[in-house]
Chemist: 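Before we start, here is the structure in question, set down as C-alpha cells.
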Amino acid sequence: MSYRAAWKTVQQNGVGWLYTVVIISTLVLFTLVTFGRFNNSVGRRLLHYFGYGSLWIVSVKLEAVGFEDFDEKVARIVTFNHSSTLDLFTMTALYPVSGVGILKKEMLRLPVIGWAVRLLDFIALDRTNKESAAASLRSVAERVQRDKLTVLIAPEGTRAASADLERFKLGAFRLARATGAPISPMVIHGGYRLWPRTRLYAEPGTLRVTRLPDMFVGDCSDDELPVFADRLRAMYAEELARGLQLGDGATGDDG
C-alpha cells in the first residue's frame with residue numbers, strides 16, 4: 001500500500017468511525033432521556049446527518065435526481081444497486097421519513113452500528129434460516145400496509161465484487177406481492193469506482209442517484225417472480241449504461 005493510500009485509509013476510517021460513534025451516542029442518549037418516545041422522528045434526522053456527514057468526510061458529493069416526492073408517506077419497496085461501501089452513506093442521506101431498512105442479522109452483532117439498528121427498529125433478516133426470513137417478511141408486509149412504510153432493500157443481497165450487477169434475489173418481489181406496494185427502483189451511479197468493497201478508502205468525486213418508473217408485481221405466481229427480477233435487473237443495467245454514456249456518476253481521481 002502506498003503512503004497516499006495508507007494516509008487516506010487512516011484519515012477516512014478514523015474520522016468516519018469517530019463521527020459514527022458521536023451520532024449513535026447521541027441517539028442512545030436521546031433514547032434514555034425520552035424513554036424512546038421519539039426514536040423514529042429524531043433517529044431518521046440523525047440518519048440524514050450520518051449519511052451526508054460521512055460523504056463529506058470522504059469528499060464525495062451526492063446528486064439526487066427525481067426525489068421530490070420521496071418523503072411522501074406511502075407504501076413502497078425501494079430497491080438499489082449495491083456495489084460500494086458508499087451505498088450505506090447514500091441510503092441514509094436520502095432516507096425517507098417513513099423509511100425502514102432491511103439488513104442482514106449479522107449487523108446486530110457489530111459494535112456501535114448494531115445498537116443503532118436496534119434503536120431505529122430496522123428489520124434484521126436471518127438469511128441462513130429460510131423459515132425465519134419468511135416469517136420476518138410476513139411481519140414486514142403487515143407493517144408496510146398498516147403504517148405506509150418505505151422499505152429499502154438491495155435485491156443483489158450484498159455488495160457486488162465488481163461493477164457488474166449480481167443476480168437479483170426474490171425477497172423484494174415477494175414483499176411487493178404480499179403488500180401490493182410498487183417497487184420503486186433507485187440507481188446509484190459511480191459508487192463502485194469511488195469506493196469498491198476491495199479498497200479501504202474512497203476517492204473524492206460525485207455520486208449521482210436517479211429513480212426509475214415504479215414496477216408493479218401484482219398477484220403473480222412464484223414462477224413469474226424471476227421474470228420480474230430479470231426485468232428489473234435489465235432496467236438497472238440499461239440505466240447504468242446510459243449514465244456512463246452521458247458521463248453521469250463518479251468523477252474524480254482514481255489514484
Side-chain angles (χ1 to χ4, degrees), residues 40 44 47-48 51 62-83 87-88 90-104 120-125 127 133-158 165-189 191 208-243 248:
N40 281 339
R44 282 168 172 76
L47 279 178
H48 285 293
L62 179 62
E63 292 183 356
V65 179
F67 285 80
E68 293 79 10
D69 65 341
F70 205 52
D71 272 335
E72 290 183 3
K73 194 173 178 61
V74 296
R76 61 188 160 196
I77 316 300
V78 172
T79 58
F80 61 96
N81 52 310
H82 194 20
S83 64
D87 297 341
L88 172 62
T90 303
M91 297 307 296
T92 50
L94 298 174
Y95 208 80
V97 294
S98 61
V100 59
I102 295 185
L103 306 168
K104 54 187 178 181
L120 292 172
D121 200 24
F122 282 20
I123 294 134
L125 290 182
R127 295 185 300 178
S136 294
L137 281 175
R138 287 194 295 270
S139 175
V140 175
E142 294 174 0
R143 288 181 57 190
V144 170
Q145 291 173 313
R146 181 184 68 242
D147 301 328
K148 305 298 183 186
L149 296 178
T150 292
V151 178
L152 301 128
I153 186 169
E156 294 169 279
T158 188
L165 292 167
E166 299 285 346
R167 180 178 63 86
F168 279 16
K169 296 178 172 61
L170 301 181
F173 304 91
R174 291 194 177 100
L175 185 56
R177 181 179 62 181
T179 59
I183 290 178
S184 180
M186 177 191 301
V187 185
I188 303 172
H189 297 266
R208 182 176 171 87
V209 185
T210 57
R211 293 178 66 191
L212 300 179
D214 288 349
M215 170 186 286
F216 289 87
V217 172
D219 189 21
C220 65
S221 67
D222 287 343
D223 291 338
E224 291 175 304
L225 286 176
V227 176
F228 283 99
D230 290 342
R231 186 182 303 168
L232 183 64
R233 186 179 181 277
M235 290 169 60
Y236 270 87
E238 182 179 353
E239 173 65 12
L240 289 168
R242 189 185 69 85
D248 289 345

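When reading the values below, keep in mind they use all heavy atoms of this one structure, side chains included, and skip hydrogens, waters and symmetry mates.
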Chemist: What closest approach, in Å, do L94 and A64 show between heavy atoms, and which atom pair accounts for it?
Modeler: CD2-CB, 3.9 Å
Chemist: Excluding sequence neighbours, so at least two apart, what forms side-chain contact (heavy atoms from CB on, under 4.5 Å) with K148?
Modeler: K73
Chemist: Got a second to check how far Y236's OH is from M186's CE, nearest 0.5 Å?
Modeler: 7.5 Å
Chemist: Please check if the side chain of E156 supplies one atom and the backbone of E166 the other of a donor-acceptor pair under 3.5 Å.
Modeler: yes
Chemist: What closest approach, in Å, do A93 and L62 show between heavy atoms, and which atom pair accounts for it?
Modeler: CB-CD2, 4.0 Å
Chemist: What are the two closest heavy atoms between P185 and T79, and how far apart are they?
Modeler: CA-OG1, 3.5 Å
Chemist: Which distance, rounded to the nearest 0.5 Å, do you find between the OG1 of T179 and the CG of L149?
Modeler: 10.5 Å
Chemist: In Å, rounded to the nearest 0.5 Å, how long is the span from CG of L212 to CD1 of I183?
Modeler: 12.0 Å
Chemist: Is there side-chain contact between I153 and L175, with heavy atoms separated by less than 4.5 Å?
Modeler: no
Chemist: Does any N or O in the side chain of Y95 come within less than 3.5 Å of the main-chain N or O of V100, such that one atom is a donor and the other an acceptor?
Modeler: yes
Chemist: Sequence neighbours excluded, which residues qualify as salt bridge (Lys or Arg N to Asp or Glu O under 4.0 Å) partners of R211?
Modeler: D69
Chemist: I'd like to check the side-chain contact (heavy atoms from CB on, under 4.5 Å) partners of P182; sequence neighbours left out, ordered by chain and number.
Modeler: R76, D214, F216
Chemist: To check you understand the geometry: which heavy-atom pair defines the closest contact between G99 and L152, and what is its length?
Modeler: CA-CD1, 4.4 Å
Chemist: Can you tell me how far the OG1 atom of T210 sits from the CG atom of L240, to the nearest 0.5 Å?
Modeler: 7.5 Å
Chemist: So how far is it from H189 NE2 to N81 CG, rounded to the nearest 0.5 Å?
Modeler: 8.0 Å
Chemist: Can you list the residues that meet the side-chain contact (heavy atoms from CB on, under 4.5 Å) rule with E238, with sequence neighbours excluded?
Modeler: none
Chemist: Dump the intermediate steps for side-chain contact (heavy atoms from CB on, under 4.5 Å) on F80 and T90, then the final yes or no.
Modeler: CA-CA 10 Å; F80 61 96; T90 303; over 6 Å; no
Chemist: Give every donor-acceptor pair under 3.5 Å between a side-chain atom in residues 221-229 and any protein atom, sequence neighbours left out.
Modeler:
from: S221; atom 1: OG; to: E224; atom 2: N; distance (Å): 3.4
from: S221; atom 1: OG; to: E224; atom 2: OE1; distance (Å): 3.3
from: D222; atom 1: OD1; to: R177; atom 2: NH1; distance (Å): 2.8
from: D222; atom 1: OD1; to: R177; atom 2: NH2; distance (Å): 2.9
from: E224; atom 1: OE1; to: S221; atom 2: N; distance (Å): 2.8

Chemist: Between S83 and I188, is there a side-chain heavy-atom distance shorter than 4.5 Å?
Modeler: no
Chemist: Quick check: closest heavy atoms across P96 and D71, and the distance to 0.1 Å?
Modeler: CA-OD1, 3.2 Å
Chemist: Using side-chain contact (heavy atoms from CB on, under 4.5 Å) as the criterion, list what pairs up with R233, not counting sequence neighbours.
Modeler: L165, F168
